[in-house]
Number of protein chains: 2
Amino acid sequence: MSGTDQTDVPARRPTRQRSAVLAALEERDGFCSAQDLHAQLRARGDAVGLATVYRALQALVEDAQVDVLRGGDGEAVYRRCSTVHHHHLVCRSCGRTVEVADAPVERWAARVAAEHGFAEVEHQVEVFGICADCATAR
Amino acid sequence: MSGTDQTDVPARRPTRQRSAVLAALEERDGFCSAQDLHAQLRARGDAVGLATVYRALQALVEDAQVDVLRGGDGEAVYRRCSTVHHHHLVCRSCGRTVEVADAPVERWAARVAAEHGFAEVEHQVEVFGICADCATAR
DNA sequence: CTTTGTGCAAAGGCTTTGCATGCTT
DNA sequence: AAGCATGCAAAGCCTTTGCACAAAG
């Protein structure tokens, strides 16, 4: 049906709000919730409705430009996809996050999935702990 | 302060509801949401209030008898802690879960955390994919 | 001009909390 | 008898959805 089309995804229409959300997400360069982004945008002067933030984030997730993940309290947190796949080490106390390379985990996940005949594998790995600063501050 | 006490946790009072929740959780032997447990208990004839299920689960989590984890839709899922730590391989299509040993991941998480000075490490790993049955059924 | 995106407000689902009552200690 | 646990219902929070209007193609 779609003869010469190169993509299957319906064309997204570039708008001020859409790019504002993506820009805000890149500034943060880490995890942030939809509500955080909304507050950040309003503070900056970019008026964007909360529902629009959610819709923009959903679109970005579908287009694989943004990853979504559930925080410990059930709030969804989003992060700009980086070209290289990696995971996060999150401090339970101060919230600081460190990106960690994951070649071993990547291989482990692929192997385990293959052993059980699973395809289209994705994995979700987050490591939580108390960072050195917070540990000494106790 | 607590002289001869062996534990710091306030004593839990054993009740019919409390044990019913734990029993239901053990029967399932996998993930289930609070709402699932509540439905299961009512179906079985054990009348337990939904709020009580939530409170019992919170207590069990605090006492480290149960692990909690957020599902993709934000619903919290609980599982009885097993003596051996393991993770799950979940089929996105039929929901079947396979327990997988995780020695390599365990070591990886510990090493990565140590390299960055993190203490009291916990990790959360779930692998998602399409199982063989669902793949051939397509 | 047609289609898609936006804003506002209402609805929806899961979870937590307040308060009176019952059960455990 | 004192105190935690329970039940019910109401409130809370994050997120999604309906509808009219504005903007993009």
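To find a chain, count down the sequence lines: A is the first, B the second, and so on, and within it residues start at 1.
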(message) Tell me the interatomic distance from A:Glu75, atom CD, to C:dG13, atom C1', rounded to whole angstroms.
(response) 16 Å
(message) Could you check whether any side-chain N or O of B:His38 sits under 3.5 Å from a backbone N or O of B:Val48, counting only pairs where one atom can act as donor and the other as acceptor?
(response) yes
(request) State whether the side chain of B:Arg70 and the backbone N or O of B:Gly74 hold a donor-acceptor pair below 3.5 Å, judged by distance alone. (result) yes
(request) With sequence neighbours excluded, tell me which residues meet side-chain contact (heavy atoms from CB on, under 4.5 Å) with A:Gln65. (result) A:Leu22, A:Leu60, A:Asp63, A:Arg80
(request) Go through residues 54-61 of chain A and report each residue with a non-hydrogen atom lying under 4.0 Å from DNA chain C, sorted by number. (result) A:Arg55
(request) Applying ring pair (Phe, Tyr, Trp, His ring centres under 6.0 Å), name anything that partners B:Phe31, two or more places apart in sequence or on another chain. (result) B:His88
(message) Membership question, hydrophobic clusters at under 4.5 Å side-chain separation (ILVMFWY): are B:Val68 and B:Val21 in the same one?
(response) yes
(message) For a 4.5 angstrom cut-off between non-hydrogen side-chain atoms, does B:Trp108 reach A:Val127?
(response) yes
(message) Nearest 0.5 angstrom please: A:Tyr78 OH to A:Leu25 CG, how far?
(response) 10.0 Å
(request) Look up atom CZ in A:Arg16 and atom CG in A:Asp46, then write down how far apart they are to the nearest 0.5 Å. (result) 6.0 Å
(message) Just checking B:Arg44: does its CZ atom have more than 12 heavy atoms from other residues, nucleotides or ligands closer to it than 6.0 angstrom?
(response) yes
(request) Tell me whether the OP1 or OP2 atom of C:dG7 has a side-chain N or O from A:Thr52 closer than 4.0 Å. (result) yes
(request) With the side chain counted from C-beta on, respond yes when B:Arg28 and B:Asp36 share a heavy-atom pair under 4.5 Å apart, and no when they do not. (result) yes
(request) Could you identify which residues of residues 33-51 of chain B place a heavy atom less than 4.0 Å from some atom of DNA chain C, listed by residue number, or say none? (result) B:Gln35, B:Leu50, B:Ala51
(request) Decide whether B:Gln35 and B:Tyr54 meet the rule of one side-chain donor and one side-chain acceptor closer than 3.5 Å. (result) yes
(request) Using a 4.5 Å cut-off on heavy atoms from C-beta on, say whether the side chain of A:Gln17 contacts that of A:Arg55. (result) no
Pairs: protein N or O with nucleotides 20-25 of chain C N or O, under 3.5 Å:
residue, atom, partner, partner atom, Å
C:dT24, O2, B:Arg13, NH1, 3.2

(request) Verify, without hydrogens or angle tests, whether A:His123 (side chain) and A:Glu106 (backbone) share a donor-acceptor contact under 3.5 angstrom. (result) no
(message) For a 4.0 angstrom threshold against heavy atoms of chain A, report the outermost contacting nucleotides of DNA chain D in 5' to 3' order.
(response) D:dC14 to D:dG25
